[in-house]
Amino acid sequence: MAGGDILLRAHGGLPVLARASPCHLRLRVTASVRRIAAPLAAAKVDIADVVSQLRSGSAADPKRQRRVAEDGLGYPRVVAGRRRGVREEEGEGEGEPLGFDAEKSGGQAGGVDGSYLSETRFDQCDISPFSLKGVKDAGYGRMTQVQEATLPVILQGKDVLAKAKTGTGKTVAFLLPAIEVLSTLSTSQRTQLRSSINCLVMCPTRELANQVAVEAKKLLKYHRSLGVQVVIGGTRITQEQRNLQANPCQILVATPGRLKDHLENTPGFSTRLKGVKVLVLDEADRLLDMGFRRDIEKIMAATPKDRQTLLFSATVPEEVRQICHVAMKKDYKFINTVKEGDEETHSQVSQMFMVAPLDLQFSILYDVLKKHVAEDADYKVIIFCTTAMVTKLVAEVLSQLKLNIREIHSRKSQSARTKVSDEFRRSKGVILVSSDVSARGVDYPDVTLVIQVGIPAGREQYIHRIGRTGRKGKEGQGLLLLAPWESHFLTSVKDLSVSEAVTPSVDSSIQTEVKGALRRVEMKTKESAYQAWLGYYNSNKTIGGNKSRLVTLGEEFSRSMGLAVPPAIPKLILRKMGLSKVPGFRST
Ligand SMILES: Nc1ncnc2c1ncn2[C@@H]1O[C@H](COP(=O)(O)OP(=O)(O)OP(=O)(O)O)[C@@H](O)[C@H]1O
């Protein structure tokens with residue numbers, strides 16, 4: 001950001017990029033905020049007023065003030081308070097609210113003052129003493145808004161589709177009532193259901209499944225007769241089969257592929273699924289999209305029709321609302337804690353985008369990281385990349401630049417993934433370079449900055465990725481780094497407060513360091529990254545449609561890795577990508 005530019009967050013949390021002139025602010029306003037900003041611009045706000053507002057808004061946090069002075073990612077903001085309610089609808093058309101009082105629910109969701117919590121305490125709810133003790137030991141006093149809104153409805157036995165912002169406690173919102181349902185089964189029902197699975201939680205990634213099981217264990221601490229198990233890909237299925245046999249648990253948390261494997265290959269497993277009373281799809285929109293849909297349908301078909309089904313996510317696109325009846329009963333409730341017109345991202349996370357050519361992106365990334373590391377000793381950054389092999393490339397380049405890097409993606413062994421994930425959860429002063437395996441659900445505390453390099457798979461993925469910071473009402477920063485030909489993506493997030501950050505002019509010394517780092521990265525890594533990169537953009541509707549342009553863009557990417565000529569690609573891979581007849585690609 002150029003010197004003198006400041007970012008204000010006007011009413012409704014919308015950003016206004018303002019340039020300070022000696023006595024007035026000249027407002028440069030993004031299209032989406034023109035309406036809100038116009039009165040401010042017309043009023044020729046006095047700089048002294050703005051500065052005093054900024055002081056009162058951020059004076060309590062000297063670190064933030066320093067950030068304002070030092071870099072282009074931390075901005076002073078005036079955050080306008082707004083009361084947010086909860087919408088609740090019948091699956092078929094509008095329904096009557098079931099007694100949730102939005103006024104009671106403590107103002108802003110996700111506010112910096114902890115008001116992502118409601119005013120209701122767990123001990124005011126109709127839950128068992130065992131659950132209450134577990135909740136207390138976990139350190140939870142008040143319910144979050146989504147917990148308050150969904151608990152009574154789930155306890156009534158309704159199917160629920162719930163939408164709530166990232167990091168606002170959806171896991172407890174589905175686990176706690178599910179545990180309550182299981183704990184109230186009568187003794188005869190229990191005997192009948194002995195060794196069956198009564199609650200099945202499906203998660204799209206292994207890290208998330210493990211995390212959900214950890215949360216479940218906390219809540220089950222005093223429920224001696226209930227237990228939880230995890231089945232996930234990347235581990236030995238025989239070991240899981242032995243565990244399932246030796247120590248059958250009532251709650252099973254699973255990823256779809258591995259659960260289907262057990263369904264097909266583990267003796268007695270399909271019978272155990274007949275005992276399912278509650279089925280949860282965490283990150284429901286992801287599980288119901290085409291990548292997982294078939295497996296999920298198969299799994300649902302193996303569970304009883306009269307089960308209770310709970311679908312949770314921070315994003316519920318219209319397509320998911322259209323098809324969620326495949327999973328739920330007709331009279332399901334849609335509980336939405338994101339108020340109509342409110343953004344799906346958190347107002348306390350400043351979201352920026354930068355548009356820069358690929359050949360500058362490693363230098364820009366390095367520059368942004370160096371500044372962030374210098375200003376915040378407790379830095380904790382996640383960099384999202386488009387594919388596993390591009391993730392590996394970025395991690396290797398940044399490691400060569402002596403940053404404290406960890407790498408996680410689907411091509412790593414599960415034991416390496418678990419180790420890195422556990423370490424990142426506990427640590428500060430570290431940068432995690434990740435593919436989308438960390439995009440959803442994973443709860444790493446105190447992430448200071450999320451960087452997304454390249455076009456995200458979609459609007460939803462952008463929202464989930466940025467949701468790794470700003471959790472539990474904390475502040476955070478986000479940066480989306482795009483090439484000029486990727487900037488069409490910005491239209492899909494135009495309703496979110498994503499503001500343009502001015503591309504920094506990168507020192508020649510930084511560029512020299514980056515060139516050196518790129519030279520030290522193995523050719524094999526670059527070849528794999530190039531292939532993966534082509535595969536990703538080839539399947540992008542807008543970019544992959546024009547194949548000759550894809551050739552040119554591929555050359556640009558390859559130059560950004562320091563290669564004069566793009567690597568050759570095995571014929572088979574070119575054929576699989578449907579590119580074998582496209583002139584311009586070299587094959588081996
Ligand atoms: N009532 C509560 N009070 C305080 N902290 C809570 C409460 N409920 C959950 N938490 C904590 O809030 C954090 C975020 O919870 P969780 O991971 O379930 O969020 P989420 O809404 O599922 O996020 P995402 O959309 O990213 O999956 C966790 O660290 C969890 O332990």
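Bear in mind that the values here come from a model prediction, so they are computed numbers and not experimental data. Each residue takes its place number in the sequence, starting with 1. Whatever order the structure lists them in is the order used to number ligands and atoms, beginning at 1.
Donor-acceptor pairing under 3.5 Å is recorded for the side chains of Gln351 and Thr345. Thr168 and Gln145 share no side-chain donor-acceptor pair at under 3.5 Å. Under the 3.5 Å distance criterion, with hydrogens and angles disregarded, no donor-acceptor pair is assigned to the side chains of Gln147 and Ser118. Side chains of Ser497 and Glu343: a donor-acceptor N/O pair is present below 3.5 angstrom, by distance only.
Heavy-atom minimum distance, Lys380 versus Arg425: NZ-O, 3.0 Å. Between Ala209 and Thr255 the shortest heavy-atom distance is CB-CG2, 4.3 Å.
Between Asp342 and Lys165 there is a salt bridge, since at least one side-chain N of the basic residue sits less than 4.0 Å from a carboxylate O of the acidic one.
Of the candidates Arg425, Lys218, Arg468, Lys170, Lys170 brings a heavy atom nearest to atom 22 (O) of ligand 1. Among Val212, Thr171, Val135, Thr168, the residue whose heavy atom lies closest to atom 18 (O) of ligand 1 is Thr171.
Ligand-side atoms of ligand 1 in range of Lys165: 21 (O), range being under 4.0 angstrom from any heavy atom. Close contacts of ligand 1 with Leu117, meaning ligand atoms under 4.0 Å from a residue heavy atom, involve 3 (N). Here is the list of ligand 1 atoms found below 4.0 Å of a heavy atom in Arg142: 1 (N), 2 (C), 3 (N). Counting the atoms of ligand 1 from 1 in the order shown, those under 4.0 Å from a heavy atom of Phe122 are 1 (N). Each of the atoms 4 (C), 5 (N) of ligand 1 lies under 4.0 Å from some heavy atom of Tyr116. Annotation for ligand 1: atoms under 4.0 Å from non-hydrogen atoms of Arg471 are 14 (C), 16 (P), 17 (O), 19 (O), 20 (P), 23 (O), 24 (P), 26 (O). Each of the following atoms of ligand 1 lies closer than 4.0 Å to a heavy atom of Glu283: 27 (O). Counting the atoms of ligand 1 from 1 in the order shown, those under 4.0 Å from a heavy atom of Gly441 are 26 (O), 27 (O).
Of all protein heavy atoms, the one closest to atom 31 (O) of ligand 1 is Tyr140 OH, 2.5 Å. Nearest non-hydrogen protein atom to atom 14 (C) of ligand 1 is Asp443 OD1, 3.6 Å. What sits closest to atom 8 (N) of ligand 1 on the protein, heavy atoms only, is Gln147 NE2, 2.8 Å.
A cation-pi geometry, defined here as NZ or CZ lying under 6.0 Å from the six-membered ring centre and within 45° of its normal, does not hold between Lys170 and Phe312.
The aromatic rings of Phe489 and Tyr462 sit tilted, their planes meeting at an angle between 30° and 60°. Taking the six-membered ring where tryptophan is involved, the planes of Phe424 and Tyr444 are perpendicular, since the angle between them exceeds 60° and thus also 30°.
Between His464 and ligand 1, a contact under 3.5 Å exists for no N or O pair. Annotation: Gly167 places an N or O atom under 3.5 Å from an N or O atom of ligand 1; distance criterion only. Distances between N or O atoms of Gly169 and those of ligand 1 include at least one value under 3.5 Å.
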